[in-house]
Amino acid sequence: MKQFTSVHDVKDIDALLEKARQYKKQPLKDKDLGAGKRIGCIFLNPSLRTRISTQIAAQHLGMECLVFNVGSEGWALEFEEETIMSGNTVEHVKDAAPVLGKYFDILALRTFPSLKNKEEDYSELYLNQFIRYAGVPVISLESATLHPLQSLTDILTISEIWEARAKKHKPKVVLTWAPHVKPIPHCVANSFAQWMNAWGKAEFVITHPEDYDLHESFTRGAAVTYNQDEALEGADFVYVKNWSTFHDYGKVYESDPRWMLTLQKMKLTREANVMHCLPVRRNVELSDEVLDSGHSIVTQQAANRIWAAQAVISEILNTNG
Ligand code: CP
């Protein structure tokens, strides 16, 4: 694997899942693979899970991991080409990324979208400029439109639970929109849809209010309905996530609390497990009664972030020597 920015960088999803499972069983089995190598985790935005799980994953592989919160501690970066830098930006990515590429063997980057201009966000300017200028493999720690490490974790979690239950049928997995108080990126939902469709081992349904479509390039292959109850019927896993509007981009049109998942709604499911990438706004996106119930697997899901990150870093180390 030369880089990890979306499911398209993965030749074999099941093989990568198996690698993650092996690391979960034996975290230190490749403890010298990254000896003498460094990974730089560059954050333009906050993080709890991604930051810490990636650090732990790198340590398991014997790598040194340095975190740089460029958003709060570094020079303000410019990403546009041929711009006159007379505004607030201090350093061009064209100058910063090659330096980071000399300091690190792998660069990992977190950026968020502006949610102001859909075309700009969907062009993935920040991530692509890092890839263009870094000169070393790049891992996305969440970009403007996708969160692939989260999605790999999500499928790892679904598959381990489903295999333990030894059911004959494919699991029904529902991605449901949830209310929120502010505009939220599409990344987790886009990415989950992209990976679920590529994985193909579940019946996959997406439900959201009108105006909250996701990009068709990610949802193609999934059933989509505006009727949440219909979607929840017979579900084995319910993935709860808010995202902002699509066509009139980055807005909050709908905060109808009836979209929040409750135990009453869970009766429509087959005793489904409830997922969320975290952080979650309690009693806005998801009720206490669901989050604190036996349905919730959010902690198991977040814990699995380590094994997904370890599998990806390991693949990149193996490919790039
Ligand atoms: N799910 C996730 O990416 O969490 P953090 O934003 O805390 O890294």
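Remember, it's 1-based here, ligands and their atoms both numbered in the order they're listed. Basis for what follows: all heavy atoms, side chains included, without hydrogens, waters or symmetry-related copies.
Closer than 4.0 angstrom to ligand 1 sit non-hydrogen atoms from Ser47, Leu48, Arg49, Thr50, Arg110, His147, Gln150, Cys277, Leu278, Arg305.
The number of heavy-atom neighbours closer than 6.0 Å to CD of Glu163, taken from other residues, nucleotides and ligands shown, is above 12. Environment of OH in Tyr126: sparse, with no more than 12 heavy atoms of neighbouring residues, nucleotides or ligands closer than 6.0 Å.
No cation-pi contact links Lys241 to Phe192, judged by a cut-off of 6.0 Å to the six-membered ring centre and 45° from its axis.
Not a single donor-acceptor pair under 3.5 Å links the side chain of Asp121 to the backbone N or O of Thr145.
Aromatic pair His147/Trp195: centroids not less than 6.0 angstrom apart.
Between the NZ atom in Lys19 and the CG atom in Leu16 there is a gap of 8.0 Å [rounded to 0.5 Å].
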